[in-house]
Every structure is written in C-alpha cells, then in structure tokens.
Amino acid sequence: MGKKNLTVAVLGPGGIGGLLAALLSRAGHRVICLAGEATAETLRTQGIRVRSGRFGDFTVPVEADGELREPVDAVLVAVKHTTLDAALTRVPPKALGDALVVPFLNGVEHPAYLRDRYPADQVAPAVIRVESTRVAPGVIEHGSPFAEIDLAGDTVPRERLEALAEALSDAGPVTRVLDDEAAALWAKMAFLAPFALLTTRYGVPIGEARTVYRDELTALVAEAAAVSGACGGPADPAGALARYDAFPARSKSSMLRDAEASRPLELDAIGGALLRAAERHGVAVPVTSRLVAELGASS
C-alpha cells in the first residue's frame, strides 16, 4: 500500500473506530464510516469531533454509508462481539476486493471466524491499548495519554501489514507489526480477562478490585497466564498485577461500563473463550469458571 493516501472503511465508528477514523482523516486519508442510517447521516453532516489530551481537539469530515460499496485498502472492524454478526452484513464479501480486514475486537476466537467469511490472507487482527469513548454520535473523548496498536496476521503478507502500520503511526497511534498473531492476541486477553471479569462481577473500579478482592485477582491472573502460555502467548502474572496496580483507581473495564449501561456483555468472547482454551489444553481455571458462571447467571 506504500506511502500513499489510503481509502479506509471503519465498521463501527464508536470510541475506538471513531478515534481511528478521525485521526486517519486528519492525516489525509479517505475514510468511509459504516454505520446505521441515523449515525451515518450525523457523520456525513457534522463529521467526527475528537477531544483528546494526546491528539488535541479537532473536527474532521468523513464519508459515511450503511454498507461497503466500493474497493478500499482496509476495513477496520471496531464493533463489539455482541454486534459482530449484524455489523458484518455492512461488509459484503463481494465488495471487499483485496482490502485488509483489521478487527480490533476483544478475545481470541474472532480471527478464525472472520477467515471463514473473508479471504484468510486478508484478515489482520489488531490489538489497541487506549481509553476512548463515544459520548454521542460523531463525538469521541480520548482519555488516555497513549494510543498503541499491535498489528498481526500470520496469513497476511508482511509488506501489507507494514504499509498499514506506517499509515496508522503517521496518523497518531504508535503501531508496530508483530510476528506472532496468537502471542499478540493472548497478551491482551491474559490482561483483559481478569480485569473485566472481576470488576464486572463486583461492580467496582480497579482500585477496589485490586485491594478488596486482591486474592481473587491474583488467582485470576495466574489462571489467565497459564492458559495464555499453553496457547503460545506470554505468561507474566507479576507483570499483569504491576500494571493493574499502576492504573488510576477509578478505571473501569469496558465490560463493567456495558453492565452499568445495561448493554449485552462480551462475556462469551472473553470469559467463555478463556474457558474453552483452558479446556482444550487441560488447564485448571476454577476461579475464572466461577466468575463466568456467576456473571452468566446475573446477566
């Protein structure tokens, strides 16, 4: 894709997708947001407004449509697992051409699902570390002092990954290409699952979770690290605990925010996927199993 301006479709212009759409548009790339008609109309007429300590406050124009209708260089998939099936109808395989499909989803099972639908050598999973929230259609608040992307894709030609990573880095988020897709996905999963499950189960931010429920957090982290290691990912429970301890005390997981807003939880994509991987590899995860069951019973 070279050092040229890209045409990028963004499926789900929410906290993550909206931020990336706006940054790419500001950097000179053509951006087409794929969304429902009401949101698409708002984006077409008002653009995307970003408030960010890291990237500044700015408004940029974007195109918007309900469905992908033309070839693009990449489709950034930034919806939640709970809406993935419905959202993918906006990206018909016949319209995809040779575009990269770049999912920014939680969990580890979605790349295989997407490769069943689209050409395997075009699916390039990404992991993003950022706190970004859609506060209204086309209005994005980026709260973290960082935005970092790991881009992978064991089936994707390396030069295609490098070209997209360069465009993303030039637009703002520090982006690197990793050689091992499983390791990239499990690095996030092993960190996210304990945070999401514990804060949501007890309805508390990380400050309370890491103090009042310290023993459970420690056990969850050990279990997630063991599963990650068995799946070819990193296993660093001490490092994960140190990162939780460094978080601002009021930080909440996206799963907890969904629970507070009475939205469907990504329980199966995070907790369920962890349990399925543990079962495949014969790893005992009793604390994770209990929390997933309790959350499932209450949601």
Side-chain angles (χ1 to χ4, degrees), residues 1-29 31 33 48 50 52-56 58 60 62 72-81 84 99-108 110-111 114 122-134 140-192 195 233-234 243 253-254 266 269-270:
M1 288 182 291
K3 189 77 167 170
K4 60 166 186 165
N5 284 349
L6 305 181
T7 299
V8 178
V10 176
L11 179 63
I16 302 298
L19 177 65
L20 294 176
L23 291 170
L24 286 165
S25 176
R26 185 171 71 167
H29 302 285
V31 176
C33 292
I48 297 179
V50 172
S52 168
R54 171 74 177 82
F55 300 119
F58 62 96
V60 289
V62 293
V72 295
D73 294 296
V75 179
L76 310 186
V77 181
V79 297
K80 296 210 170 193
H81 264 280
L84 181 61
L100 290 182
V101 177
V102 185
F104 288 85
L105 277 76
N106 292 324
V108 294
H110 56 275
L114 289 168
Q122 294 172 220
V123 176
V127 171
I128 186 166
R129 288 176 291 280
V130 70
E131 184 179 330
S132 186
T133 306
R134 186 190 91 148
I140 308 297
E141 288 189 354
H142 168 224
S144 56
F146 53 84
E148 301 166 349
I149 296 171
D150 289 341
L151 186 62
D154 293 349
T155 58
V156 182
R158 177 79 181 204
E159 64 272 13
R160 300 203 70 195
L161 299 176
E162 295 283 5
L164 180 58
E166 183 179 17
L168 288 166
S169 288
D170 287 347
V174 177
T175 305
R176 59 180 182 168
V177 176
L178 299 188
D179 293 327
D180 188 328
E181 179 181 310
L185 292 171
W186 275 104
K188 175 159 188 190
M189 179 73 149
F191 180 77
L192 173 67
F195 177 39
R243 287 173 64 195
S253 65
S254 60
E266 291 188 298
I270 298 172

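Given the structure is predicted, the values throughout are model-derived calculations rather than measurements.
Taking K188 as the reference, nothing meets the salt bridge (charged side-chain N to carboxylate O under 4.0 Å, His left out) condition, with sequence neighbours excluded. Residues passing the side chain to side chain contact (heavy atoms under 4.5 Å, CB included) test with L178 are D150, R176, A184, sequence neighbours excluded.
The shortest heavy-atom contact between L151 and A124 is CD1-O, 3.8 Å. Between V60 and S25, the shortest heavy-atom contact is CB-OG, 3.8 Å. Across all their heavy atoms, G107 and M189 have their closest contact at CA-SD, 3.9 Å. Closest approach of G153 to P125, counting heavy atoms only: CA-CD, 3.9 Å. The heavy-atom pair separating N106 from A269 by the smallest distance is O-CB, 4.4 Å. Shown here for A27 and N5, the closest heavy-atom pair between the two residues is O-OD1, 4.4 Å.
In terms of modelled atom types and a separation under 3.5 Å, the side chain of T175 and the main chain of P173 share a donor-acceptor contact. Side-chain atoms of E181 come within 3.5 Å of backbone N or O of D154 as a donor-acceptor pair. Although no hydrogens or angles enter the test, the distance criterion places no donor-acceptor pair under 3.5 Å between the side chain of D73 and the main chain of V8.
For the atom pair CG (L100) and CG (L164), the distance works out to 6.0 Å, reported to the nearest 0.5 Å. The structure places CD of E266 at 10.0 Å from CG of L84, a figure rounded to the nearest 0.5 Å. To the nearest 0.5 Å, the span separating OG on S144 from CZ on R129 amounts to 11.0 Å. To the nearest 0.5 angstrom, L23 atom CG is 10.0 Å from I140 atom CD1. Distance check: L105 CG to H81 NE2 gives 4.5 Å after rounding to the nearest 0.5 Å. The distance from atom CZ of F55 to atom OG of S132, rounded to the nearest 0.5 Å, is 9.5 Å.
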Let me have the donor-acceptor pairs involving side chains of residues 11-21, under 3.5 Å, with sequence neighbours excluded, atom names and distances please.
none

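A cation-pi arrangement, defined by a distance under 6.0 Å to the six-membered ring centre and an angle within 45 degrees of its axis, is present between R26 and F58. Under a cutoff of 6.0 Å and an axis angle of 45°, R54 and F146 do not form a cation-pi pair.
Proximity of L24 to L76: side-chain heavy atoms (C-beta onward) are separated by under 4.5 Å at one or more points. Residues V177 and R158 form a side-chain contact, since some pair of their non-hydrogen atoms from C-beta on lies under 4.5 Å apart. Using a 4.5 Å cut-off on side-chain heavy atoms (C-beta onward), V174 and I149 make no contact. Side-chain contact between E166 and S169 is absent, with no heavy atoms from C-beta onward closer than 4.5 Å.
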>> Under the criterion side chain to side chain contact (heavy atoms under 4.5 Å, CB included), I'd like the reasoning laid out for H142 against E131: C-alpha separation, chi angles, the key distance, then a yes or no.
In response: CA-CA 6 Å; H142 168 224; E131 184 179 330; 5.8 Å; no

> Between V156 and Q122, is a side chain to side chain contact (heavy atoms under 4.5 Å, CB included) present by the stated rule, with each step listed?
Replying inline: CA-CA 6 Å; V156 182; Q122 294 172 220; over 6 Å; no

>> Quick one, E141 with S52, criterion side chain to side chain contact (heavy atoms under 4.5 Å, CB included). Give me CA distance, side-chain angles, the key distance, then yes/no.
In response: CA-CA 6 Å; E141 288 189 354; S52 168; over 6 Å; no

> Between V79 and F104, is a side chain to side chain contact (heavy atoms under 4.5 Å, CB included) present by the stated rule, with each step listed?
Replying inline: CA-CA 8 Å; V79 297; F104 288 85; over 6 Å; no

